[in-house]
2 protein chains.
Amino acid sequence: MFFLKELPTRLMIEGYAAKHASLDADAVEDALGLMRRASLMVRRLEAYFAEHGLSQLRFLVLIVIDREPHRDGLSVGEITDRLDVSKPVMTRTVAHLVESGLIAVEADPNDARGKVVRLTPAGRAKLAEVLPEYFVLLSALGRREPDTGEEA
Amino acid sequence: MFFLKELPTRLMIEGYAAKHASLDADAVEDALGLMRRASLMVRRLEAYFAEHGLSQLRFLVLIVIDREPHRDGLSVGEITDRLDVSKPVMTRTVAHLVESGLIAVEADPNDARGKVVRLTPAGRAKLAEVLPEYFVLLSALGRREPDTGEEA
DNA sequence: CTCATGTAGTTATCATGGTAACAATAGGAA
DNA sequence: TTCCTATTGTTACCATGATAACTACATGAG
């Protein structure tokens, strides 16, 4: 998240760019603008997921499992690989999703250390409930000047 | 933060775009790519700040005070206004910066509820130490294909 | 087989974001 | 002046990211 509301003016950046060679004022401006825009998008999406009892990460876990229907479930580690978060966060997130009944976890028959994570019917239903508007939201946010009602 | 490493393929998005009108596949792709890029940038910057005993937010507090040299310090609320975080987070952040000696806080002579926050010489020195490379980093991150060594 | 090493996932603890509810003060209406 | 209401900042507590260190099991060298 990037919290600065008023980004540095072009002038301030160029002041720095003048003093330090190898500094591309356009790139600096892009980077700041990008982080600010993305932060607002992420907030908007988190709010949307919260309305559906999810979070961005919990949603992505469901997506990632659903995205590989040829596999009969994924291990916790495989999910972690696809979503760069730390292992403990994934442990907690999986536990949460199991409690909500959106995924089911079984012991891996081939490896007593491992677990196999699968979507439950409720999990698939939740995806179906959330996905369409998710894409609509992304579509709106992706357009320039998204006008999401943020920032006075 | 947006954690998905492998973004949905063009094909998957268009599959959805076909089913739901008012869905702009380009915009969806842009939004996802933007959030992913920004997340990696923010991580990179946080790592940089951590090397200097700061965090993104603590740094921005210093910046925001420094940016208004005509004012003799800002109130906690004014800082909060410029950085959209919640008030309790700002209370904690200000306390942290006072402990590190980078800012000093006094009672507001005109309002017994308020506080005036000012940079200390150490705070100004910290900014001078951190700012140049911050802009260099932003400049590098802002260019396309930043090649920051992330993601195998 | 046995043991050293590696891997899967968890636990403990911290950092840092949020909301709700509060105390203390300010400031205007009566 | 006396209250009612708004504002400043804090406290208490929760959510969710991280790292370090752990348990339990796997696996290959000997």
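Only this structure's heavy atoms are used, side chains among them; waters, hydrogens and symmetry mates stay out. Order of the sequence lines sets the chain letters (A, B, ...), proteins ahead of strands, with each chain counted from 1.
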Ion pair Asp84(A)/Arg43(B), N-O distance below 4.0 Å: yes

Considering heavy-atom distances to DNA chain D, does Arg113(A) or Ser55(A) have its closest nucleotide positioned more toward the 5' end? Ser55(A)

Picking from dG18(C), dA18(D), dT8(D), the nucleotide nearest the side-chain atoms of Lys87(B) would be dT8(D)

Name the residue from Asp66(B), Asp72(B), Asp108(B) that meets the salt bridge (Lys or Arg N to Asp or Glu O under 4.0 Å) definition with Arg118(B). Asp72(B)

Between Arg143(A) and Ser139(A), is any side-chain donor less than 3.5 angstrom from a side-chain acceptor? yes

Applying a 4.0 Å non-hydrogen cut-off, can you work out what Val85(A) is touching in the nucleic acid: base, sugar-phosphate, or nothing? sugar-phosphate

Quick one: Met90(A) CE to dA18(D) C1', roughly how many Å, whole number? 14 Å

When the nearest nucleotide of DNA chain C is assigned to Phe3(A) and to Ser75(A) on a heavy-atom basis, which residue is associated with the more 5' position? Ser75(A)

For dG17(D), does the base pair up with any side-chain atom of Arg92(A) as donor and acceptor (N or O, under 3.5 Å, distance only)? yes

So, is Ser86(A) near the phosphate of dG17(D), with a side-chain N or O under 4.0 Å from OP1 or OP2? no

Answer yes or no: is there an ion pair linking Glu129(B) with Lys126(B), defined by an N-O contact shorter than 4.0 Å? yes

Could you tell me whether Val89(B) contacts a base, only the sugar-phosphate backbone, or nothing, with contacts defined as non-hydrogen atoms closer than 4.0 Å? base

Earlier contact from the 5' end, DNA chain C, for Val116(A) and Asn110(B): Val116(A)

